[in-house]
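Working notes, beginning with the structure itself.
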Amino acid sequence: MARAIAICNQKGGVGKTTTAVNLGVYLAAMGKKVLLVDFDPQANATSALSGERFHSIVYHAVLEAAESADATAVADRPEKFIQESDVFNYHFVPSGKHLAGALIEFVNQPEREYFLRKYITKIRHKYDYILIDLPPSLSLLTINGLVAADEVIIPAQAEYYGLEGLSQLLQTIEMINKNLRHHLKIAGVLITMYDKREHLSREVANNLRKNFPHKVFEVEIPRAVALAEAPSFSKTIFTYAPYSPAARAYERFAREIIEQESQGRI
């Protein structure tokens, strides 16, 4: 049964999609079967894994789940929404601008917070990891993604502004756990856009490790031009610059995620 992990921060520009895409590729490279669900209407994760536009997207998957009380439409062929990436065992459910319409269409629907969960429940036995890339805002889409997940990884930029969304996200998680009776664990905070030469980066990292009430991953993801360039070629850092410091950092991060299982931290 897959570990379903949401990649979330309500603040934008912290490396959320970059983390989702590159964590997935290294987990797959380590022999795990991985599905990335792009649940952001901006569809940046979809662009990073494929330059194509898709007619069947995650919007249609949750729409079918919403329109069928027992999700029979999804249960018949849930794999029809899944695409293969260029990396073996790394699949994704693409997104697109139509997903933004779900905010309006689902607002008056019963159990509207559980539509993505209904879909993922039908396919999670096929994977070791399901990663959910969420939009940088608190919306019905974000809540759907958090409810569909077992855990959340929080990317946090190594700047003080990058920490602003942490307390707000913790409150959101607490609200979901209490009001929706869902036990969402915090897998940890990942420090991104880190520059060891800058005093500010080191100070923010130290403060996080001393004061944040949950796990902070050991690896820091460096600020790197290659991470920004790779999506423009529809590539991950694994295929675009596999020997770069950023690539090695995401490889170490994937190992930390896998080690959580052997250490009993999930």
Side-chain angles (χ1 to χ4, degrees), residues 2-9 13-40 44-50 83-95 120 124 127-136 145-146 148-158 169 184-194 214-224 226-228 230-231 234-242 244-263 265-266:
R3 285 176 67 182
I5 306 175
I7 318 295
C8 184
N9 192 322
V14 298
K16 175 183 58 60
T17 297
T18 299
T19 293
V21 168
N22 290 297
L23 170 60
V25 74
Y26 278 101
L27 288 172
M30 293 173 189
K32 304 298 182 180
K33 192 165 186 180
V34 182
L35 176 69
L36 174 63
V37 178
D38 188 353
F39 213 57
D40 186 344
N44 290 331
T46 300
S47 297
L49 294 176
S50 174
Q83 305 292 330
E84 295 185 0
S85 76
D86 292 337
V87 177
F88 180 69
N89 268 349
Y90 190 18
H91 302 164
F92 66 101
V93 181
S95 185
I120 285 179
R124 63 183 301 165
Y127 294 93
D128 297 307
Y129 291 88
I130 295 178
L131 307 179
I132 308 170
D133 184 33
L134 296 179
L146 293 175
D150 307 311
E151 311 163 54
V152 59
I153 292 171
I154 309 171
Q157 187 177 354
L169 181 55
L184 180 65
K185 301 175 184 178
I186 298 175
V189 167
L190 175 68
I191 299 171
T192 61
M193 303 182 188
Y194 180 81
H214 301 279
K215 177 180 175 61
V216 178
F217 292 103
E218 293 180 10
V219 67
E220 297 104 359
I221 306 300
R223 188 183 298 274
L227 285 174
S234 298
K235 292 184 176 181
T236 65
I237 196 69
F238 176 77
T239 52
Y240 182 73
S244 65
R248 292 195 297 270
Y250 272 113
E251 181 180 7
R252 292 197 300 272
F253 180 45
R255 294 191 187 280
E256 279 197 65
I257 292 295
I258 294 173
E259 286 171 3
Q260 285 185 320
E261 299 170 34
S262 60
Q263 295 169 356
R265 294 180 181 175
I266 59 170

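Below, each value reflects all heavy atoms present in this structure, side chains not excepted, and no hydrogens, waters or symmetry copies. Computed from a prediction, not measured in an experiment: that's the story for all the values here.
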Test side chain to side chain donor-acceptor pair (under 3.5 Å) on Ser95 and Asp40 and set out the steps.
CA-CA 7 Å; Ser95 185; Asp40 186 344; over 6 Å; no
Could you go step by step and tell me if Phe39 and Val93 meet the side chain to side chain contact (heavy atoms under 4.5 Å, CB included) rule?
CA-CA 9 Å; Phe39 213 57; Val93 181; over 6 Å; no
Test side chain to side chain contact (heavy atoms under 4.5 Å, CB included) applied to Ile257 and Gln260, step by step
CA-CA 5 Å; Ile257 292 295; Gln260 285 185 320; 3.9 Å; yes
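Scanning both residues, Ala6 and Gly145, for their nearest heavy atoms gives CB-O, 4.1 Å. Of all heavy-atom pairs between Pro222 and Leu227, the closest is O-CD1, 3.8 Å. Nearest heavy-atom pair across Ala241 and Ser244 is O-OG, 2.8 Å. Asn9 and Pro155 get closest at one heavy-atom pair: ND2-O, 2.7 Å. Considering every non-hydrogen atom in both Ala148 and Ile132, the closest pair reads CB-CD1, 4.0 Å.
Using a 4.5 Å heavy-atom threshold, the side chains of Ser50 and Gln83 count as separate. Inter-residue side-chain proximity for Thr236 and Leu49 is flagged as met; some heavy-atom pair is nearer than 4.5 Å. When side chains are defined from C-beta on, Cys8 counts as touching Leu169, because their heavy atoms get closer than 4.5 Å.
Atoms OH and CD, from Tyr129 and Glu261 in turn, are 3.5 Å apart once rounded to the nearest 0.5 Å. Atom CD1 of Ile130 is separated from atom CG of Asp128 by 10.0 Å, given to the nearest 0.5 angstrom. Interatomic distance, Phe253 CZ to Glu220 CD, rounded to the nearest 0.5 Å: 12.0 Å. Expressed to the nearest 0.5 Å, how far CZ of Phe92 lies from CG of Asp38 amounts to 9.0 Å. The CG atom of Leu36 lies 6.0 Å from the CG atom of Asp133; values are rounded to the nearest 0.5 Å.
Listed for the Ser234 side chain is a donor-acceptor partner under 3.5 Å among the backbone atoms of Ser47. Remark: side-chain polar atoms of Lys16 are paired, donor with acceptor, to backbone N or O of Leu134 under 3.5 angstrom.
A salt bridge does not link Glu256 to Arg252: none of the charged nitrogens lies less than 4.0 Å from a carboxylate oxygen. Comment: Asp150 does not engage Arg3 in a salt bridge, judged by the lack of any side-chain N to carboxylate O separation of less than 4.0 angstrom.
Partners of Thr192 according to the side chain to side chain donor-acceptor pair (under 3.5 Å) rule, which considers only residues two or more places apart in sequence or in another chain, do not exist here.
For the residue pair Asn44 and Thr17, no side-chain donor N or O sits within less than 3.5 Å of a side-chain acceptor on the partner.
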Can you list, pair by pair, the side-chain donor-acceptor contacts under 3.5 Å of residues 19-31, counting residues two or more places apart and other chains?
from: Thr19; atom 1: OG1; to: Gly15; atom 2: O; distance (Å): 2.8
from: Thr19; atom 1: OG1; to: Tyr250; atom 2: OH; distance (Å): 2.9
from: Asn22; atom 1: OD1; to: Ile237; atom 2: N; distance (Å): 2.8
from: Asn22; atom 1: ND2; to: Thr18; atom 2: O; distance (Å): 2.8
from: Tyr26; atom 1: OH; to: Ala247; atom 2: O; distance (Å): 3.4

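Looking at Ile120, Asn89, Leu35 one by one, the single match for side-chain contact (heavy atoms from CB on, under 4.5 Å) with Tyr127 turns out to be Leu35.
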